[in-house]
> 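Structure in structure tokens, see below.
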Amino acid sequence: MNAVINSDSYARDLIASFERNAAEAYAATLKGPVSRRNFIKISAGVGGGLILGFALMGKANAQAAGGGGGGRPPGPPAPPFAPGAYVRIATDGKVTLFSKNPEIGQGIKTAFGLILAEELDANWANVTVEQAPINAAVYGTQFAGGSVSIPMNWDSLRQAGAGARAMLVAAAAQEWNVPASEITTSEGVVTHAASRRSMGYGQLADKAAAMPVPDPKSLKLKGKGEYKLLGRRHTGVDNIHIVQGHPLYGIDVQVPNMKIAAFQKCPAVGGKVASANLDEIKALPGRGRCVHRHRHGQAHRGDARRRDHREQHLGGVLREEEAEDRLGRVRGVEGQLEGHQREGEGARQAGRRRADARQAGGRRRGRAEGRQERRVVLHVQLRVAPAARAAELHRLVQERRAAGIRSRSGRRRRCPRAGARSPRRCAASRPRNRRCTRRAWVAASAVA
Amino acid sequence: MQKAWIEHDVPQCGYCQAGQMMSAAALLKQNPNPSDQQIQAFMTGNLCRCGCYARIKKAIQTAAVNATPSTRTA
């Protein structure tokens, strides 16, 4: 597993797919504001699992959008090289670094800070890492997912840190009138060894800000042997806030005049709100409470009136006529299965009698066939399908019966693959011997 | 408790940690020297999706060891 994760081609492919995804998301934004649903849909095609992204850009960037040169897919324009977007140095020497990707506990805020500080040669004890604002023009795509934050930003972050350092060095070179090549930096201090002069980053900050931004390609980045911060364990930059209970999370966000809503969701897919006790709620004390009924069956801020037990099983609150309709169909399927159960029960008893008789006879003669069946209705109850689906479910049940495959709680027949009569006799289920590993046995458990 | 949390690098996303620490403080108030099982049983209600449980336990043990009578009520 490690070999796969560390291999270049894997990282390259994943990054390429993310860049394509960003390009698609960007293209979608040109057509209009990206709804959250669209963005999630676009992201779902990418190989990585969870993606939390901020790749939303306003139409203003459309003018700036180029086609992208060479092999790069057309997409968001590469942000201009701007060390200042990542590094701020105050005149008292305090360094603030900006981490552009969302931090969700994976530690990227700390890691990005370390990468920047390493190339910047900052004094880590003096560094504060802050969450960068959402600004794709400045930061490019900002998202967390697929473990690609570091591979995607490794080069650009090092360049940003090194670029800021180069500007400080240039400022010192101008200040002392010495060639930049004779100047070294370390721990937030710029030193000219030959003349034994040194200045802190804070002192040079204003002058450095006035220096021209260097060409990123001209920057010399550190080799692995030169790392002072990277490759060592560091405490997470937010730990000090976390242990003090500081408000760091989305739930802590406050905006002026904000309202707070509670959310009541229909317990099953496809359900619609039939009624809600809105009057009761409006009569409650307190200002600014409102209730909306969302078309997907979610009642905000109201307790949808509990219907009777049967309708609960059909999936929450339904309109009267729909409820009756579905009840009828579900009952139809239930009836069928009940019939099977009785049949199964009878067959099982017959089987037992035959087995007893055989044993009494002391010889194996023929085979005892026992069947047992339990209702599979549970799945129908849990998953509310549109009315038409009940008929489909019935058809599926019939099909599976014909094919001889049953769920573990249903009728057991010959496993079509291993040929055994029961999991216990199935060679494929040994050495487990109790639980069949064959998919056929359990396939029918997913009825819907 | 906070110092132990920092020392052991306990949090990842940190969302549960305020509750973890409060429960841990209550535990140590009740039982200044809990065993592993006692820690586990007491803290069982505080879930951590990031899975920091091992470090939480270590931090509680450290805090228990380092607690002086004056800090125990904190």
Side-chain angles (χ1 to χ4, degrees), chain A residues 1 48-54 99-114 117 124-132 142-150 229-254 260, chain B residues 1-34 36 39-40 42-74:
Chain A
M1 186 66 176
L50 175 68
I51 297 177
L52 302 172
F54 297 114
S99 166
K100 55 173 269 204
N101 279 4
E103 168 68 43
I104 50 171
Q106 83 277 45
I108 202 64
K109 198 170 169 185
T110 306
F112 276 9
L114 286 167
W124 184 243
N126 223 8
V127 164
T128 310
V129 184
E130 276 187 23
Q131 192 64 46
Q142 298 172 271
F143 73 94
S147 302
V148 291
S149 287
I150 291 185
L229 294 172
L230 297 177
R232 285 162 213 257
R233 190 190 175 105
H234 296 273
T235 298
V237 293
D238 275 341
N239 285 5
I240 189 72
H241 299 293
I242 291 168
V243 300
Q244 294 180 79
H246 290 169
L248 303 172
Y249 305 100
I251 203 170
D252 299 312
V253 171
Q254 307 249 353
I260 298 172
Chain B
M1 193 72 64
Q2 288 169 326
K3 286 183 190 164
W5 244 247
I6 299 268
E7 182 189 321
H8 287 282
D9 252 342
V10 173
Q12 284 176 219
C13 81
Y15 201 65
C16 72
Q17 297 299 334
Q20 301 282 1
M21 291 173 71
M22 289 194 283
S23 288
L27 165 63
L28 292 187
K29 196 166 173 181
Q30 234 181 59
N31 180 356
N33 199 9
D36 270 10
I39 293 176
Q40 223 155 302
F42 195 93
M43 299 294 290
T44 203
N46 287 87
L47 300 182
C48 172
R49 185 60 170 81
C50 297
C52 302
Y53 297 114
R55 294 195 297 275
I56 292 171
K57 194 164 80 162
K58 272 190 260 174
I60 294 174
Q61 288 163 345
T62 301
V65 163
N66 291 338
T68 61
S70 62
T71 57
R72 218 168 268 151
T73 51

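Below, read A as the first sequence line, B as the second, and so on, with proteins coming before strands; counting in each chain starts at 1.
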> If we only count heavy atoms from C-beta on, is the B/Y15 to A/I251 side-chain gap below 4.5 Å?
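Answer yes - side chains close enough.
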> Between A/Q244 and B/Q2, which heavy-atom pair has the shortest distance, and what is it?
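It is CA-NE2, 3.8 Å.
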> Under 4.5 Å, counting heavy-atom pairs only, tell me which of A/N239, A/V243, A/I240 racks up the most with chain B.
A/V243
> At a 4.5 Å cut-off on heavy atoms, which part of A/H246 comes close to chain B: side chain, backbone, both, or neither?
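The answer is neither part of A/H246.
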> Considering only heavy atoms, which portion of A/Q106 lies under 4.5 Å from any heavy atom of chain B: side chain, backbone, both, or neither?
neither
> What pair of heavy atoms forms the shortest contact from A/I242 to B/C13, and how long is it?
CD1-O, 3.9 Å
